[in-house]
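First the proteins, then the strands, lettered A, B, ... as listed; each starts at 1.
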Amino acid sequence: MVAEPHIQTTAKSFLTQQEKDAINHEVSLLPYKKAAVIEALKIVQQHRRWVSDDAVAAIAAYLDMSTAEVDSVATFYNLIFRKPVGRHIILLCDSISCYVMGYQKLYEAIQHELKIKFGETTKDKKFTLLPNACLGCCDHAPALMIDEDLYRDIEAEDVRNILETYT
Amino acid sequence: MIYERPLTQHIHINRQPLNLKEYEAKGGYAAVRKAVKEMTPQEVQKAVQDSNLKGRGGAGFNTGIKWSFVPMGSDAPHPKYLICNADEMEPGTFKDRLLLEGNPHQLLEGMILAAYAIQADISYVFLRWAYKKAAALIKQSIAEAYAAGYLGQNILNSGWSLDMHLHTGVGRYMCGEETALLNALEGKRATPRAKPPFPQVSGLFGKPSIVNNVETLCCIPHIINNGADWFKKLSFTEDAGTKLYGVSGKVKRPGVWELPMGTTMRELLEEHAGGMRNGLMMRGVLPGGASTDFLTPAHLDTRLDYQSVAIAGSRLGTGTMIVMDDATCPVGFVHNLQHFFAQESCGWCTPCREGLPWVEKILLSLEHGEGTQADIDMLQMHTQLLGPGNTFCALAPGAMEPLQSALKYFMEDFERHAHEKGCPYVHEAVASSEW
Amino acid sequence: MTIYIDNKPYEAKAGKNLLEACLAAGINLPYFCWHPSLGSVGACRQCAVKVFKDEKDTQGRLVMSCMEGVRDGVRIGVEEATAKAFREQVIEWMMTNHPHDCPVCDEGGSCHLQDMTVMTGHDYRRYHYKKRTYKNQYLGPLINHEMNRCIQCYRCVRYYHDYAGGDDLNVFAAHNHVYFGRDKDGVLQSPFSGNLAEVCPTGVFTDKTLKEHYTRKWDLTMAPSVCTHCSVGCNITAGERYGKLRCVVNRYNEEVNGYFLCDRGRFGYEFVNSENRVTQPLIRGRMSEAVSEEELMHELSVLLSQQKLVGIGSARASLESNFALRQLVGAGNFYAGISETEAYLTRLIVQVMQEGTLHSASLKDIEQADAVIVLGEDVWNTAPMMALAVRQAAMKTAANNAAAQLSLPAWHDAAIKELVQTDKGFLANITVAGSPIDNIAQVTVHAVPDDIARLGFAVAHELSNTLPALANADEKLLQTARQIAAALQQSKHPVIVSGLSCVNSAVIRAAFDIAAALNNTHWKASVAYVLPECNSMGLALMQAPSAERIFDSSNANDMTALILENDLYRYLPQATADAFFSRCSNVIALDSIHNNTTEKAQVLIPAATFAEADGSMVNYEGRTQHYYKVFIPKEGHIKESFHWLNSMRIAKNNRSNGHGLSLDELLHEAEIEMPVFEGVHDAMLSPHYSIHGEHIPREPHRYSGRTAMYANLNVSEQKPLQEEGESAFGFTMEGFKGQPPADAAPFFWSPGWNSGQSVTKYQQEPGGAFKGHIPAVQLFHDKVDKAPVFFKDIPEAFVARKQKWLVLPQYHVLASGELSSYTKALASLLPEACVVLSETDAALLGVRDGDKIRVHPGTTALPVKVHLSLANGVVLISAGLPGTEVYNWGDWVKIEKE
Ligand SMILES: Cc1cc2nc3c(=O)[nH]c(=O)nc-3n(C[C@H](O)[C@H](O)[C@H](O)COP(=O)(O)O)c2cc1C
Ligand code: SF4
Ligand code: FES
């Protein structure tokens, strides 16, 4: 019932000071440590793009949780990435207004440009393409988001230019 | 006719939102000063209750009454929480984004007032992940409000203190459901909670909590400043205030407008949204987001308030409508919605977890020409059995609303899919399926 | 209050939900996510009924019956058409992805999902799309995982994580991809994992040891039995086929183990099938085949007629066998096969309990306690189910407090948990080296036994200042004592748990003083003293001196020792045991498995295990429980020890055709000879018991293949087994066909209810007492008006000695009983034996983790494990693991680096 010592040590050294500081701050706002687990997952993902098994173990050790408990939460949320992702995440809205306005064409264009489908990452690890539920700009559909940048009223022809701005 | 539009008066699409000083210069935070100095929490609650403000998150419950269930007084449990639901993930809904990005201080002021009314100690903005710009603005605005003494210890020397934090989500539509949202804030899986007990008595961290929608909260400062009667008069009908209405789909000018509650659908669609694009006809409208029943051109004169839309057979919901034109296949349209709901089911209760994927598969098989009349009957069955009360929360019943009304209004389309063994519409691309 | 179900009035208990009320009324209403021990969460939506406003309301409202409390006069419709249709549909939804693999599924035939599916009437598949499939996980040697069968009722996580506190199983992902398992493949870490097999309503989690020799429930021959692996005495049902014990499942007992078992109990059964069984009488120097029963008896009557005959009883043998031995050798020659220290400590406990001023706490009492002090006992390892009960006490107290605030009903599990958050009821866990329940305790102390006792006495003093204060106590200890005393004073029914694992009488006395001090003001506290073995209490009540006392008599040489089901090498240090055997000229051993003691025997007699025997045992609390033969081994000459001993009594007394005493005759004799045992025969179903003149069949009426079972040997049907003497139970499927009363049920079954959940049909209400009168035979009697006699001798504070260490046993949750470690699956999970030392002591000795050291007196070198919170001056040595030796526990030893 006690975690293996070697796991504990790797878990302790896994998180950077910066990550720990950020997690500590979140913990300080909450009644108990565990409650900061989603924040901790976000923080780690911010620094490392995705949350590896080691990261789950590290967060678990840091917040006095088990890895299963952390993973239970991590796998519930679709924007916590438990698999490696590319340098840039393309979130293509596939919800209703974008459907009516033809997001499928954008999807085809992206597939054509990058040769990846939803859920896949380009060979050069540059892009990961994910479908996303309504981005909340239905009046400017179809829309997509790459990292923090929102693109609205896109035509299939625009896709290449947009993608080219990313390195 | 020029209507008063209190919520959006200071919002200009191409301008940065007001900072604290500018907001104050326009009368901002006056309501907080007034409430904290001149009103008891109960008086704030009463004012809001009298204004007949109904929750803009979808359910349309009287906000003041909702607050009144929070235990008050010296032996009430603390900390109490006030949470702004800014998860806005209902497909077709984009009204809260305008308020968040357009005037964050208005929201903060509403939150402070609501928190004061229930004597909350801690407040959260639960913001969806995709609203990056809003996140930055809210963060900055919270900092400004702390610096100006509207947040923090002993606010305006009232003896009352309030902290405010921004929490950004990591996906999942369910986080918008108020009890699932509480679980998410506690660092848990966003599955909903059973009610009763209601969040007002056992909410975040087991403490009394109120969850309100962005738009609801943005109304509060104006009610405090101008009174309940003024607020009621903003509306054309019984349901008070203005409403942010949105339109998306193939209309000429998709967008969002603040209009008197009770504006007709015709006015909204034809005047503000400019009518259908050339060559297209409207076949149906989801009046309040993806989880509302279709209305048809026959309902164009329906007033868009809670009661009138209900009488017409749908729900006002979020008041943001999605227009379905006659070149769009209703089956494909509904399939897209059901795909969304099936994906966003939290997996807690059986009917939703297993029923929605089944519905989705049937719709896809109809689109692919593999569906039969029996499948259509199966869809009907689901609309009946995934109703309110049968599932744990309102997600699945919400999902059934567009489906049941599509079956009602567009049955011939469903039947053609079954009989003609395929989709009679020209698709720009194949319907998405589970990936 | 009265409720109306389908227009018929029923009595219902306040505070229950509608589902519980319906089940209590005997109505078949399907459910999944609800469980009597786990409460309601409303997830599966299977238990839907209609609730009507009044008689005129025909519309009604569909509700989940598990989520609505009963109200006086409430009208509900179970058979109402829309409710029925909805329930049928819920099953159809669950079945959309459920594989059609019942024929190859281990759950088949005792599957709640099958039962519920039939109950709702769903029988035709309309879903014709591809099913969702999952990968299964390796979860260790005990539990098998087959995720495709999952119906997502969430019971597994709610049991494993919430109820049992296991942290390595959870739910992952969302929507219809939710997955229940570990985050990676690996052995389930909780020692309560086996309950998953029963908590899971379908075949996702199943008993992997059963899989090795799989048999359907309907093909098992079963009998009510009692677990023999620790002193708690959980009730079990054991099942056999083809002469092999196949599995053990929980047998509900409201006051003892409720719905659960620990893994030691559930999976520790396989020693019965061991290749190492003694199956034939053996006489040293003779070919085994050569020994017939007559020859054996002849040999024995010669040996038994010798002058110096001593009998050594056993803490793991039945009361009957121990008594038969005592009768054979004479009370003055009857010894307990345990160490003197253990005998002394158990005597002290018997003395304390017999005084009657303290109530003896059942597991149910512990679960319901609103404050628990564990004083010095390593309950997790010595009495796992008691540890689980302690956990429930901590959780339930917090839940009750929270529920009272908002007047939430007790069944409203999720709501209560949301309100409770991280609160726990009061638990002080005071141990030598810590325990997994530390993480739910408000107070945890790791200390040396004497200091644990001192803390206990300090608490007692805080509770009653007529009791002596500690001389020169440090402030920290006093502070802890005050904290504990304050919590105890606020509680209404606290329980003090203690026992033998400290090997320290002061700890036992201090536990008594705390409880007795509480009772000074009002009768409210109770105690539980954990003992080492399943019948330690029964043996202790016989008041026999320990085997070590044999040496006290000067002429203790050339004895004939008759050793009953006992490996003395597990109780005495090797040198002591060797010395004992060197002074015996003859050793007769009765045992079921070959061990170091049987090695010493001239005559070795094959004893039945619990599964092949009837017998009674007294658990730690003084509760006598009876277990019944599951089967009679076909090969060899295995018999219950008391049978052999009876025959020896006849042989010894040279009565050629004497009649051996039957079980109840033996018990009656015992009651007359030793009045402490008065009433013990009540724990046993009369051998003459029958219903309408018929036996209760041990085999379900669907038992299959009987006529073909031995077709490889003989095509004619075997003669059904006939038991010598009488029994209420028959070995075949013939006999009474209905539902017997609970205490006469060899297994739980009811029409339409094939799984273990059928137990509901035997209960007055779900999770409640059985219907009808079930005698609980308690040998300790509360004497409310008697004043307690306090112990006032407080030990000095512990001082570490130079070059010497206090040696204490470190038990292991899966193996502290002798027999469970003979089970392959459990044995594979046991750690390597080691010596635990404090950091300072390790440094002093110049050793690090893994270095080998030698303990004197002792023979084997053992690896070191450094412990961060262990006190200096103590060593803990693995006890009970296979191959470990016994030390003079509680004594001082020397250590040297290898
Ligand atoms: C599946 C689901 C998703 C929801 N999403 C949102 C949301 O994104 N934003 C919101 O304000 N309300 C949402 N709601 C409604 C909330 O549960 C809640 O009623 C609302 O936040 C209350 O605020 P109000 O009283 O101000 O309307 C959702 C409800 C359901 C069932
Ligand atoms: S209806 Fe059920 S499964 Fe669906 S989201 Fe609500 S609780 Fe989860
Ligand atoms: S048993 Fe009632 S909802 Fe599952």
So, the part of Glu39(A) with a heavy atom under 4.5 Å from chain B: the answer is side chain
Just checking, is any N or O donor in the side chain of Tyr62(A) or Asn24(A) under 3.5 Å from an acceptor N or O on the other one?
yes
Contact part of Asp149(A) toward chain B, heavy-atom cut-off under 4.5 Å: side chain, backbone, both or neither?
neither
Scanning both residues in full, the closest heavy-atom pair of Pro287(B) with Asp293(B) reads CD-O, 3.0 Å
Residue, of Val256(B), Thr168(B), Thr328(B), Asp96(B), that accumulates the most heavy atom pairs under 4.5 Å with chain A
Thr168(B)
Do Arg48(A)'s NZ or CZ and the ring of Phe14(A) fall within the cation-pi criteria of under 6.0 Å and 45°?
yes
Counting heavy-atom pairs under 4.5 Å with chain A, which one of Ala184(B), Cys175(B), Ala190(B), Ala130(B) comes out on top?
Ala190(B)
Pick whichever of Arg128(B), Lys188(B), His165(B) has the most heavy-atom pairs under 4.5 Å with chain A.
Arg128(B)
Side-chain donor-acceptor pair under 3.5 Å between Asn336(B) and Asp94(A), yes or no?
no
Whatever's closer than 4.5 Å to a heavy atom in chain B on Leu41(A) counts as neither
Under 6.0 Å from the six-membered ring centre of Phe94(B) and within 45° of its axis: does the NZ or CZ of Arg97(B) meet both?
no
Against chain A, label Leu185(B) side chain, backbone, both or neither, depending on which of its atoms sit under 4.5 Å from a heavy atom there.
backbone
Which answer fits Val323(B), side chain, backbone, both or neither, if we ask what part of it has an atom under 4.5 Å from a heavy atom of chain A?
backbone
